[in-house]
Amino acid sequence: MTNQQTIRVRFAPSPTGYLHVGGLRTALYNFLFARKHGGTFVLRIEDTDRSRHVEGAIENLTATLRWAGLDFDEGPGKEGAFGPYVQSQRLELYRQYANELVDTGSAYPCFCSPEELDTMRQAQMERNERVRYDRRCRSLTPEEVDAKMAEGTSYVIRLKVPMFGDVAVNDIIRGNVTFQLNILDDQVLLKSDGFPTYHLANVVDDHHMQITHIIRGEEWLPSVPKHVLIYQALGWEIPQYAHLPLLLNPDRSKLSKRQGDVAVEDYRARGYLPEALVNYLALLGWSESKDREFYSMPELIEAFSLERVGKSGAVFDLEKLNWMNGQYFRNLPIEQRMELCRPFLEPAGYDIRDENRYRKIIEALTPRIQVPVEAREKAEFFFSKHVPEDETADVFLYSESGQKVVHLLLEKLKDIEDVTAERFSEILADAKSTLGVKGKYLFMPVRLALTGETHGPELPLIAEILGKEECLKRLQEELRA
RNA sequence: GGCGCGUUCGUCUAGCGGUUAGGACGCAGCCCUCUCAAGGCUGAAACACGGGUUCGAUUCCCGUACGCGCUACCA
């Protein structure tokens with residue numbers, strides 16, 4: 001780890017159409033590691049599965065990474081010395097190495113059809129044997145191979161995995177891990193459609209892009225021996241590995257859709273702050289030894305180290321993310337809070353054209369908003385009133401004392417030209433002394449009449465925002481008999 | 001099934017042989033308060049189990065259990 005060469009890391013997602021929060025964390029750790037050590041952060045698109053091609057996925061991915069503040073140094077749209085950075089544009093390179101591996105005896109063509117393989121697996125299962133490729137094509141003679149080729153039989157290229165021995169790597173996070181080779185299948189390296197599999201493309205690119213540290217999810221740990229074998233067969237240096245603990249669903253299975261939102265854009269769409277998401281994600285699996293919760297990106301870069309990444313999976317806790325987002329939200333200047341909530345209020349048909357009034361609404365709502373999307377329902381009563389129907393209304397609003405309060409307020413409000421929070425407080429104080437009603441018997445009828453709700457921001461604030469006319473109208477509506 | 005990885009409060013974690021096992025989210029209570037939040041304070045809540053090693057194990061070693069991941073011409 002203390003070598004002189006420049007550190008180069010990469011985030012290598014497959015373009016599925018959206019960025020997974022687990023992916024974002026992997027990208028983040030790569031990014032932090034690169035920035036911390038003055039290295040280079042590469043984005044590489046692993047689109048070797050033609051059947052999974054998603055239109056616009058790359059643009060979406062880069063846009064989301066940019067939103068999160070993870071700018072890559074090299075990648076699609078930002079060509080460096082090692083491009084292209086999209087694997088489907090590097091097919092020739094993989095083919096070349098697949099052939100080299102065949103030529104040097106480290107790999108071999110396999111002509112088994114999917115149907116054939118399926119039959120083989122069925123038979124193995126019936127005999128209760130381990131399901132694996134039986135290597136029937138491994139012992140084909142050159143003549144047999146030539147004959148098949150001449151026939152035009154489609155084929156794949158498989159890695160010739162040694163029958164015995166083992167492979168050991170020293171993972172930065174997990175320490176020494178050893179794998180027995182005899183249980184390994186002869187991996188397909190090049191598919192019959194000429195595309196490489198993940199294993200080949202990944203190794204070839206990591207080498208060609210001079211990646212020094214492979215920081216990726218733990219789900220890749222079992223493929224390490226396959227990759228090491230390819231590095232060795234090609235005579236290449238093996239990079240450092242760091243396998244990150246998985247992000248988990250509340251039931252501790254690997255974080256997935258169906259158990260909540262996993263697409264970063266889902267969070268973005270709800271108004272989550274990238275700083276909060278990044279801060280939260282950074283702490284899922286990594287921590288400085290201190291009791292510290294809040295980190296800006298520069299602070300993360302300063303504090304981050306792979307050695308302090310944990311080993312066990314971390315449950316993605318939405319509650320804590322929400323709390324953290326609320327913390328960030330409240331610390332924002334009012335203008336930013338207004339901008340963040342705007343996209344949720346305008347579509348709801350709320351009239352927030354009066355900037356001054358809108359500002360007051362957001363100020364009043366801020367303490368009870370964790371995520372901007374919540375602003376819509378929290379602000380609703382400012383724009384339309386629910387009829388208070390529950391028993392609370394009967395007790396406080398439609399009771400004799402409640403009606404008296406409403407009456408008095410109506411009278412008092414008529415006399416003033418403008419409702420300010422201050423004026424309204426005075427009026428309430430007046431009502432308290434003239435009627436001898438206090439506490440919730442004073443406030444609740446007003447709150448219910450004004451908002452239709454039993455809870456919300458401070459009443460004087462609400463009254464000021466509603467304005468005189470609206471206050472009068474809403475109070476009037478609640479007058480009975 | 002095989003292989004691999006993992007295991008401190010419900011959750012995220014600190015701890016790197018001797019601690020009242022600390023912090024955060026959440027939860028409960030109290031304060032504030034018309035209410036709901038926010039904020040402040042307080043509290044309940046954890047070392048998976050069994051063997052070693054050691055004067056002494058949450059910490060080191062070995063098992064067991066449990067969990068998760070991988071086991072495709074997907075990544």
Side-chain angles (χ1 to χ4, degrees), chain A residues 12-16 46-52 87 110 112-114 117-118 121 125 128-133 154-158 171 173-175 177-180 182-185 187-199 201-202 216-225 243 245-246 248 250-254 280 283-294 308 310-324 326-327 330 364-370 378 392 396 428 438-448 451 453-459:
Chain A
S14 59
T16 55
E46 310 223 323
D47 59 342
T48 56
D49 186 354
R50 284 187 317 175
S51 64
R52 283 206 202 175
Q87 290 186 329
C110 165
C112 297
S113 67
L117 292 173
D118 205 52
R121 293 193 183 106
M125 285 205 274
N128 233 316
E129 286 173 13
R130 188 146 60 82
V131 176
R132 66 183 303 180
Y133 178 56
S154 77
Y155 65 96
V156 302
I157 289 176
R158 283 182 186 273
D171 188 281
I173 294 168
R174 275 146 226 288
V177 187
T178 306
F179 305 87
Q180 300 299 320
N182 59 60
I183 51 105
L184 231 53
D185 239 352
Q187 297 299 315
V188 172
L189 300 179
L190 201 68
K191 305 181 223 178
S192 55
D193 63 3
F195 275 62
T197 58
Y198 168 80
H199 304 296
N202 192 264
R216 61 184 5 169
E218 189 189 351
E219 71 266 36
W220 297 112
L221 194 52
S223 62
V224 163
H243 286 90
L246 257 23
L248 275 23
D251 70 358
R252 305 204 73 85
S253 56
K254 187 167 130 183
Y280 175 69
L283 261 16
L284 274 189
W286 169 85
S287 77
E288 220 180 344
S289 57
K290 303 168 189 164
D291 295 331
R292 180 173 173 185
E293 302 286 336
F294 293 96
R308 291 201 59 85
K311 295 177 172 66
S312 49
V315 173
F316 185 83
D317 182 3
L318 190 58
E319 297 252 38
K320 190 159 185 177
L321 202 214
N322 288 343
W323 166 79
M324 183 159 277
Q327 296 293 318
R330 276 169 217 131
L365 259 23
T366 293
R368 58 221 89 205
I369 290 176
Q370 288 186 313
K378 305 272 187 195
T392 320
F396 293 103
L428 284 172
K438 59 179 183 176
K440 52 185 168 184
Y441 292 96
L442 172 63
F443 284 83
M444 260 314 155
V446 184
R447 177 175 294 284
L448 282 163
T451 72
E453 311 278 347
T454 54
H455 51 249
E458 290 176 12
L459 272 180

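Protein chains get the first letters and strands the later ones, always in sequence-line order, with residue 1 at the start of each.
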Nearest-nucleotide comparison on RNA chain B, the residue closer to the 5′ end among A/Q180 and A/V188: A/Q180

Check: A/S287 main-chain N/O paired with A/R308 side-chain donor or acceptor under 3.5 Å: yes

Under 4.0 angstrom between A/K290 side-chain N/O and B/G22 OP1 or OP2: no

Under 3.5 Å: donor-acceptor pair, side chain of A/R174, backbone of A/K311: yes

Nearest-neighbour nucleotide for the A/E319 side chain, B/A37, B/G26, B/C34 considered: B/G26

hbond_proxy A/R174 side chain to B/C5 base (donor-acceptor, 3.5 Å cutoff): no

Residue A/E219 excluded, over 12 heavy atoms near CD under 6.0 Å: yes

Sugar-phosphate, base or nothing in reach of A/G456, heavy atoms under 4.0 Å: base

Pairwise 5' ranking along RNA chain B for A/S253 and A/Q87, keeping only the more 5' one: A/S253

Side-chain N,O (A/S192) to OP1/OP2 (B/C73) below 4.0 Å: no

A/Y155 atom OH, neighbour heavy-atom count above 12 within 6.0 Å: no

Aromatic plane relationship, A/W323 with A/F294 - under 30° parallel, 30 to 60° tilted, over 60° perpendicular: tilted

Any donor-acceptor N/O pair under 3.5 Å between B/C73 base and A/T197 side chain: no

A/T197 vs A/K191 side-chain heavy atoms within contact, under 4.5 Å: yes

Residue-phosphate contact under 4.0 Å: A/K191 side-chain N/O, B/A75 OP1/OP2: yes

Mate of B/U58 where both pairing distances stay under 3.5 Å, Watson-Crick or G-U: none

Closest listed nucleotide, where the reference is the side chain of A/R368 and the choices are B/C34, B/G15, B/C36: B/C36

Nucleotide nearest A/L221 (side chain, heavy atoms from C-beta), chosen from B/G4, B/U35, B/G1: B/G4

Partner residues of A/N322 under the side chain to side chain donor-acceptor pair (under 3.5 Å) criterion, sequence neighbours left out: A/Y272

Donor/acceptor link under 3.5 angstrom from A/R52 side chain onto base of B/C74: yes

Donor-acceptor contact present, side-chain A/R132 to main-chain A/L184, <3.5 Å: yes

Distance test, side-chain N/O of A/R132 to OP1/OP2 of B/C3, below 4.0 Å: no

Proximal nucleotide (of B/G23, B/C70, B/A14) relative to the A/E219 side chain: B/C70

Nearest-neighbour nucleotide for the A/Q370 side chain, B/G26, B/U35, B/C70 considered: B/G26

Salt-bridge present (A/K320, A/D317; N to O < 4.0 Å): no

Proximal nucleotide (of B/C12, B/G2, B/A24) relative to the A/E293 side chain: B/A24

Watson-Crick or G-U counterpart of B/U19, or none if no pair lies under 3.5 Å: none

Complementary nucleotide of B/C30, counting Watson-Crick and G-U pairs under 3.5 Å: B/G40

Opposite nucleotide pairing with B/A24, Watson-Crick or G-U, both atom distances under 3.5 Å: B/U11

B/C34 base stacked by A/F443 (centroids within less than 5.5 Å, tilt under 30°): yes

Short side-chain N/O contact to B/C70 OP1/OP2 from A/R216, under 4.0 Å: no

Under 4.0 angstrom between A/K378 side-chain N/O and B/C36 OP1 or OP2: no

Rounded distance in Å - CG (A/L448) to P (B/C36): 13 Å

Identity of whatever pairs with B/A45 - Watson-Crick or G-U, under 3.5 angstrom: none

Pair assignment for B/A72, Watson-Crick or G-U wobble, requiring both distances under 3.5 Å: none

Among B/G15, B/C25, B/A75, the nucleotide that comes nearest once only the side chain of A/K320 is considered: B/C25

Given B/U11, B/G15, B/C3, the nucleotide with the shortest approach to the side chain of A/R252: B/U11

CD-CD distance between A/Q370 and A/E319, expressed to the nearest 0.5 angstrom: 8.0 Å

Opposite nucleotide pairing with B/C5, Watson-Crick or G-U, both atom distances under 3.5 Å: B/G67

Closest to side chain of A/L246, choosing from B/U13, B/U11, B/G69: B/G69

A/S312, nearest nucleotide to its side chain (from B/C25, B/U8, B/A37): B/U8

Protein-to-nucleotide contact annotation, 5' to 3' order, nucleotides 41-46 of chain B [B base; S sugar-phosphate only; - none; under 4.0 Å, heavy atom]: ------

